[in-house]
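Below, chain A is the first sequence line, B the second, and so on; all start at residue 1.
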Protein chains: 2
Amino acid sequence: MDKIDRKIVNILQTNARASLKDLSKECFISSPAIAARISKLERSGIIKGYQADINLEKINFHVKAFIQVQLEPRQKKEFYPYIQNIPNVIECNCVTGDFSEVMEVVFPSTTDLDDFINDIQQRFGKTSTQIVFSTSVDHRGVQLSDPQE
Amino acid sequence: MDKIDRKIVNILQTNARASLKDLSKECFISSPAIAARISKLERSGIIKGYQADINLEKINFHVKAFIQVQLEPRQKKEFYPYIQNIPNVIECNCVTGDFSEVMEVVFPSTTDLDDFINDIQQRFGKTSTQIVFSTSVDHRGVQLSDPQE
DNA sequence: TTAATTACCTCATTTCATTAGATGCAAAAT
DNA sequence: ATTTTGCATCTAATGAAATGAGGTAATTAA
């Protein structure tokens, strides 16, 4: 990971569809060199993938929420495959504190959210839910700066 | 938004660098037709952008956490521009409940996280932090299914 | 010193994206 | 009923970009 790799990663984090040629102009090396670096970043697992950012409102997912779940340790084996298969769960983390899991979910309506929460409670246990009013920072990558900067 | 648009969105959500040709094969229409649909999806704001997915561990951001902040309503005007300019904040939402903001943050170490929390507390008020142990569902898009399915 | 490795370049080739022009279809207007 | 408009698509041709093949220089290991 040198300065050029960081620049490539920064650009791809804000525009994953940037062409090799664009990147080569920005980084002042040839496009075959860019291609080699990208596939190296991919092979090493630094770049995990590329995803389009969708406006959820416009595809009729009007409700976003964080659901916290209290889990017994032995329930995890059942919990993880379950939530991984629910497309409405867009992120899930195991965390410190009273509630062991924090999920970020999206649903068309509060009714759908309620149905899901009921299902979770029946299967696993106590939950606590925070509904999102507005998003001031939409999920984004970490821009990498150079050490000396 | 018809069946083909949903397919395009689904593919781009899992591989934003897919070529027009790849998409045209998957959707059974020509690549100029794909290009036209994509730029329409972009212009209409359904596709907001494309971002590379980075393995944070491998670029030395070892600590991920959720920080909840109690804000007075009039503090928001100061809070939003402040956090938008902090690259470590990868998401921030205004939510229901005792704490009005939920931030997702990443830092190289717990020390860096602690410094940030102290700064937030001094500037704005009470916080509550949950540190992430593990991530079972990494931030992902919502796969769209067809109505009849 | 020699060999091996790595990262890069340029140039040629191939593949892909884009443009232009033509077609077909559905809805609205004449 | 016919014409017109708008839209989405196609094919074919052009232009642009990605890839592959040498070849070079710098670095490290033998």
Side-chain angles (χ1 to χ4, degrees), chain A residues 1-61 141-149, chain B residues 1-61 141-149:
Chain A
M1 270 301 254
D2 62 2
K3 202 165 177 170
I4 295 177
D5 282 334
R6 279 191 291 275
K7 187 146 200 174
I8 291 172
V9 166
N10 280 344
I11 293 172
L12 289 178
Q13 278 188 120
T14 54
N15 178 18
R17 280 183 82 79
S19 68
L20 297 185
K21 207 193 170 194
D22 293 340
L23 291 161
S24 81
K25 276 179 205 158
E26 293 283 331
C27 301
F28 304 103
I29 61 174
S30 69
S31 61
I34 296 283
R37 278 169 180 267
I38 289 179
S39 63
K40 197 177 163 191
L41 288 166
E42 288 171 352
R43 271 182 286 112
S44 70
I46 291 174
I47 293 177
K48 290 188 292 185
Y50 307 93
Q51 56 182 67
D53 235 352
I54 303 301
N55 184 326
L56 293 165
E57 287 287 341
K58 300 210 174 179
I59 55 170
N60 294 319
F61 285 77
V142 197
Q143 286 299 108
L144 303 177
S145 60
D146 283 307
Q148 73 282 10
E149 282 177 12
Chain B
M1 269 302 251
D2 63 1
K3 203 166 176 170
I4 295 177
D5 282 333
R6 279 190 291 275
K7 188 148 197 173
I8 292 173
V9 165
N10 281 344
I11 294 172
L12 289 179
Q13 277 188 122
T14 54
N15 177 17
R17 279 182 81 81
S19 68
L20 298 184
K21 206 190 171 194
D22 293 340
L23 291 161
S24 82
K25 275 180 206 155
E26 293 284 331
C27 301
F28 304 103
I29 62 175
S30 69
S31 61
I34 296 283
R37 278 168 180 269
I38 289 179
S39 62
K40 197 176 163 191
L41 288 166
E42 288 172 350
R43 272 182 287 111
S44 71
I46 291 173
I47 295 178
K48 292 189 290 182
Y50 307 93
Q51 56 183 66
D53 235 354
I54 303 302
N55 185 325
L56 293 165
E57 287 287 341
K58 301 211 175 179
I59 54 169
N60 294 319
F61 285 78
V142 196
Q143 285 301 107
L144 304 177
S145 62
D146 284 307
Q148 74 281 7
E149 280 176 14

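Distances shown here put every side-chain N or O of A:K40 at or beyond 4.0 Å from the OP1 or OP2 atom of C:dT6.
Rounded to whole angstrom, the span from the CD1 atom of B:I34 across to the P atom of D:dT11 amounts to 13 Å. Taking atom NZ on B:K3 and atom P on D:dA8, their separation rounds to 19 Å, with Å as the unit. Atom CG of A:L23 and atom P of C:dC8 are 14 Å apart (whole Å). In this entry the distance linking CZ of B:F28 with C1' of D:dT11 reads 19 Å, nearest Å. Remark: C1' of C:dA7 and CG of A:D5 are 11 Å apart, rounded to the nearest angstrom. For B:I29 and D:dC7, the CD1 to P distance is 17 Å, given to the nearest whole Å. Per the geometry, CD1 belonging to A:I4 stands 11 Å off P belonging to C:dA7, to the nearest Å. Between A:I38 atom CD1 and D:dA17 atom P the separation is 15 Å, expressed in whole Å.
With a 4.5 Å cut-off on side-chain heavy atoms, B:K40 and B:R37 do not count as touching. Inter-residue side-chain proximity for B:L12 and A:R17 is flagged as met; some heavy-atom pair is nearer than 4.5 Å. The side-chain heavy atoms of B:L56 and A:V142, taken from C-beta on, include a pair separated by under 4.5 Å. Here the side chains of B:K7 and B:L23 are not in contact, with every heavy-atom distance at 4.5 Å or above.
Under the 3.5 Å distance criterion, the side-chain polar atoms of B:N10 are left unmatched by any main-chain donor or acceptor of B:Q143.
For A:N15, there are no side chain to side chain donor-acceptor pair (under 3.5 Å) partners two or more places apart in sequence or in a different chain. By the side chain to side chain donor-acceptor pair (under 3.5 Å) test, A:N55 pairs with no residue at all, sequence neighbours left out.
Minimum atom distance to the side chain of B:S30 is reached by D:dC10, of the listed C:dC9, D:dC10, C:dC8. Closest to the side chain of B:A33, out of D:dT9, D:dA8, C:dC9, is D:dT9.
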Pick out the pairs of N or O atoms, protein on one side and nucleotides 15-25 of chain C on the other, that lie under 3.5 Å.
unit_1: C:dC16; atom_1: OP2; unit_2: B:K21; atom_2: NZ; d: 2.4
unit_1: C:dA17; atom_1: OP1; unit_2: B:L20; atom_2: N; d: 2.9
unit_1: C:dA17; atom_1: OP2; unit_2: B:L20; atom_2: N; d: 3.4
unit_1: C:dA17; atom_1: OP2; unit_2: B:K21; atom_2: N; d: 3.0

